[in-house]
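Structure first, then comments.
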Amino acid sequence: EALLDQGRLAELRGQDQVARDLYERALHALPASTPAWTIARLLLGVGRSHVAARNASAALDCVEAVLALPQEEGMDVAVAEALELRGRIRWRDGMLAAATEDFTDARQRARLAGRPGLAALAATHLGDLALLRGDVSGAVSLAELALSEYRAAGDEALAGRTAARLATLY
């Protein structure tokens, strides 16, 4: 747990390599009885660090490892986060239809897991993709959903950004 916390702190500071090293050390030190959701949190941290380093292949390996873990209790949020991460990677690689599927699935899973902030993030991505397709009304609808969900999550900073973005779309 300490290595996970240190990895998160390093990640927040933009120290991606340090974060990856800490997450990987934690993965190697896990006992066999570790729940899947704990393994998933560490794999997602490694995956995010690879995205930051523009190593999409390694990041996708981490996502696929998360999705291959047993779907036991507590994995619903990890799967939603993995799908959101994979969606970002696919978007960056120009795979817009696949990214849309991932964000849609991530949003649905996040909502079912009671994670409105994660659902809002996925809605934001879906809105951005709608804009790329020229679907302004779809982007507005998704931004309105994201705004509501960010507020439900208590994230006023992202709610404010989303409201400002909506103002440009109306």
Side-chain angles (χ1 to χ4, degrees), residues 3-30 34-72 74-113 115 117-135 138-139 142-143 145-146 149-150 155 158 161-162 165:
L3 289 173
L4 175 63
D5 291 339
Q6 291 171 16
R8 281 189 193 140
L9 183 60
E11 193 174 351
L12 289 171
R13 290 179 175 160
Q15 299 169 327
D16 301 313
Q17 184 61 52
V18 172
R20 182 180 320 131
D21 292 344
L22 289 163
Y23 291 138
E24 288 176 346
R25 279 183 39 211
L27 277 167
H28 292 293
L30 292 175
T34 301
W37 62 268
T38 299
I39 297 167
R41 287 170 55 197
L42 292 166
L43 286 168
L44 287 167
V46 173
R48 286 188 307 271
S49 74
H50 283 301
V51 167
R54 304 260 185 215
N55 187 346
S57 176
L60 284 172
D61 288 345
C62 293
V63 167
E64 296 309 321
V66 170
L67 297 176
L69 288 169
Q71 295 302 302
E72 58 192 41
M75 280 296 292
D76 45 359
V77 173
V79 169
E81 289 176 349
L83 291 168
E84 187 274 334
L85 183 59
R86 187 173 70 183
R88 285 191 286 134
I89 295 164
R90 287 177 165 177
W91 183 357
R92 186 180 288 169
D93 288 345
M95 301 169 57
L96 303 185
T100 297
E101 288 178 27
D102 285 338
F103 295 140
T104 300
D105 291 348
R107 178 172 162 62
Q108 179 182 7
R109 287 177 181 269
R111 291 181 69 215
L112 291 172
R115 296 287 302 271
L118 182 55
L121 177 60
T124 299
H125 294 321
L126 288 167
D128 291 341
L129 289 170
L131 278 177
L132 285 175
R133 291 190 310 273
D135 180 6
L142 287 159
L145 286 172
E149 289 168 335
Y150 280 132
D155 193 332
L158 286 175
R161 277 194 204 153
T162 303
R165 182 156 200 218

Hey, mind stepping through Arg90 and Glu101 against side-chain contact (heavy atoms from CB on, under 4.5 Å) and telling me if it holds? CA-CA 10 Å; Arg90 287 177 165 177; Glu101 288 178 27; 5.6 Å; no
Taking the side chain as everything from C-beta on, heavy atoms only, tell me whether [X] gets closer than 4.5 Å to [Y].
| X | Y | result |
| --- | --- | --- |
| Tyr150 | Leu121 | yes |
| Ile39 | Leu30 | yes |
| Leu112 | Gln108 | yes |
| Trp91 | Leu96 | yes |
| Leu43 | Leu69 | yes |
| Glu149 | Arg107 | yes |
| Val18 | Arg13 | no |
| Leu83 | Phe103 | no |

Counting only heavy atoms from other residues, nucleotides and ligands, does the tally under 6.0 Å from CZ of Arg133 exceed 12? yes
[X] versus [Y], closest heavy-atom pair with distance:
| X | Y | answer |
| --- | --- | --- |
| Gly127 | Leu142 | N-CD1, 3.6 Å |
| Arg20 | Ala53 | NH2-CB, 3.6 Å |
| Leu44 | Ala82 | CD2-CA, 3.6 Å |
| Ala146 | Thr124 | CB-OG1, 3.6 Å |
| Thr162 | Ala143 | CG2-O, 3.4 Å |
| Gly138 | Ala130 | C-CB, 4.2 Å |

How far does [atom1] of [X] sit from [atom2] of [Y], to the nearest 0.5 angstrom?
| X | Y | atom1 | atom2 | result |
| --- | --- | --- | --- | --- |
| His28 | Leu42 | NE2 | CG | 10.5 Å |
| Glu24 | Leu3 | CD | CG | 12.0 Å |
| Leu9 | Gln15 | CG | CD | 7.5 Å |
| Gln17 | Leu22 | CD | CG | 10.0 Å |
| Arg48 | Glu84 | CZ | CD | 9.5 Å |
| His50 | Asp16 | NE2 | CG | 10.5 Å |

Can you list the steps and then say if Arg92 with Val51 is a side-chain contact (heavy atoms from CB on, under 4.5 Å)? CA-CA 10 Å; Arg92 186 180 288 169; Val51 167; 3.8 Å; yes
Between [X] and [Y], is there a side-chain N and carboxylate O pair less than 4.0 Å apart?
| X | Y | answer |
| --- | --- | --- |
| Glu64 | Arg86 | yes |
| Arg8 | Asp5 | yes |
| Arg161 | Asp155 | no |

Leu85 and side chain to side chain contact (heavy atoms under 4.5 Å, CB included): which single residue from Leu60, Val63, Val66 fits? Val63
Between Glu72 (side chain only) and Ala36 (backbone N and O only), is there a donor and an acceptor less than 3.5 Å apart? yes
Applying side-chain contact (heavy atoms from CB on, under 4.5 Å) to Leu4 and Tyr23, what does each step give before you reach the verdict? CA-CA 6 Å; Leu4 175 63; Tyr23 291 138; 3.7 Å; yes
